[in-house]
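What follows is a set of notes on a single structure, which appears directly below.
Both counts, for ligands and for their atoms, begin at 1 and track the order of listing.
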Amino acid sequence: MKYIIGNWKSNQNLTESLVWIDSIQAIKPRFNKDISVILCLPFTDIAGFNHKLADLEMPITTGAQNVSHLAPGKHTGEINAAMLAELVSFCIVGHSDRRREFAETSEMVAKKARLLLENSITPIVCLDLPYLDEQIKELFQKNIDVSRCIFVYEPIAAVGTGRPIDPVDANHTANQISFLIDNAAPILYGGSVTSDNVKSFVSQNRIDGVLVGTDSLEPTLFAEIINSLGN
Ligand code: PGA
């Protein structure tokens, strides 16, 4: 199975997200049973987006971009994993945006992953070299079953910059991650992925798919990525 995961970050309200579906529907990308297409949306879009996907029987699965590291309780404003369980099958944790802007630590990431798994949601764990060892160690310390996660190598210099890294280097780090998790889970690459370069990453022996930020927002570009991989 190959994965294409879109990450809209803090973009698109519900109305805009429904227009995005209409556009994808009109473009008719060549969805393929060997490619899992997952779109990680803002919390506010998920329920309405799911309804429309179901109506159109479109083979896209939704995910969230974050979850509280706390269990349900007196935590004003927090969205916890039990709330998400009704809405999504996947959730990103540890994205470099959240580490940088919201001081998310490896310990918090591991707590989030644990709560997600307890609620049958697959954590999509983002990693980069400076904290890769520490973060994976933290997952093992919190007894996270890494075989139930998806990992994404996201070199910070490549995220949102239009400057992807060399696919061979990405594969090298994917193999390092694979070694640390005993080859138990899919490993993806993320950072300036486009329809022009997606194949060069996914053709590497240890890269099982991609996480796409910027080009997931534009239906034409996202559809081209799906089609490039399907060919
Ligand atoms: P990008 O974002 O595709 O715009 O580089 C990747 C990401 O969401 O991490």
Side-chain angles (χ1 to χ4, degrees), residues 2-12 16-17 20 24 29 35-46 49 60-67 88 90-106 108-109 112-113 116 122-132 135 149-167 169-171 173-174 177 185-204 207-229:
K2 300 291 183 196
Y3 297 84
I4 299 175
I5 303 182
N7 174 19
W8 281 2
K9 310 194 181 186
S10 187
N11 293 294
Q12 316 251 65
E16 290 163 335
S17 80
W20 186 97
I24 285 280
I35 301 172
S36 174
V37 179
I38 300 162
L39 202 57
C40 297
L41 303 168
F43 293 132
T44 44
D45 296 357
I46 299 171
F49 197 93
I60 293 180
T61 311
T62 52
Q65 301 169 13
N66 184 34
V67 65
V88 297
F90 298 89
C91 180
I92 296 173
V93 290
H95 193 281
S96 55
D97 290 346
R98 296 208 58 84
R99 288 181 167 272
R100 190 181 62 250
E101 295 185 305
F102 304 99
E104 195 161 289
T105 63
S106 297
M108 284 164 78
V109 172
K112 291 177 182 203
L116 289 170
T122 302
I124 299 168
V125 184
C126 296
L127 300 166
D128 189 18
L129 285 172
Y131 49 82
L132 196 152
Q135 181 147 301
C149 300
I150 293 175
F151 291 86
V152 192
Y153 170 44
E154 288 230 313
I156 292 170
V159 174
T161 58
R163 292 194 299 275
I165 67 165
D166 185 323
D169 293 342
N171 193 51
T173 306
I177 296 169
I187 300 171
L188 281 49
Y189 165 80
S192 300
V193 171
T194 65
S195 60
D196 289 335
N197 63 30
V198 63
K199 262 192 157 167
S200 65
F201 287 103
V202 178
S203 60
Q204 301 295 320
I207 297 182
D208 301 301
V210 286
L211 190 149
V212 186
T214 309
D215 281 13
S216 67
L217 284 164
E218 172 54 56
T220 321
L221 299 178
F222 196 59
E224 277 173 18
I225 290 174
I226 295 170
N227 289 341
S228 307
L229 216 52

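The salt bridge (Lys or Arg N to Asp or Glu O under 4.0 Å) check on E154 picks up nothing, with sequence neighbours excluded. In terms of the side-chain hydrogen bond (donor to acceptor under 3.5 Å, both in side chains) criterion, residue partners of T62 (sequence neighbours excluded) are, by chain and number, N50. Legend: residues meeting salt bridge (Lys or Arg N to Asp or Glu O under 4.0 Å) with D97, ordered by chain and number and at least two apart, are K9, R100.
Scanning all heavy atoms of the two residues, the minimum distance from A223 to P29 falls at CB-CB, 3.9 Å.
In this structure, the side chain of W8 engages the main chain of S216 through a donor-acceptor pair within 3.5 Å. Between the side chain of D215 and the backbone N or O of E224, no donor-acceptor pair lies under 3.5 Å.
Closer than 4.0 angstrom to ligand 1 lie heavy atoms from N7, K9, H95, E154, A158, V159, G160, G191, S192, L211, V212, G213, T214.
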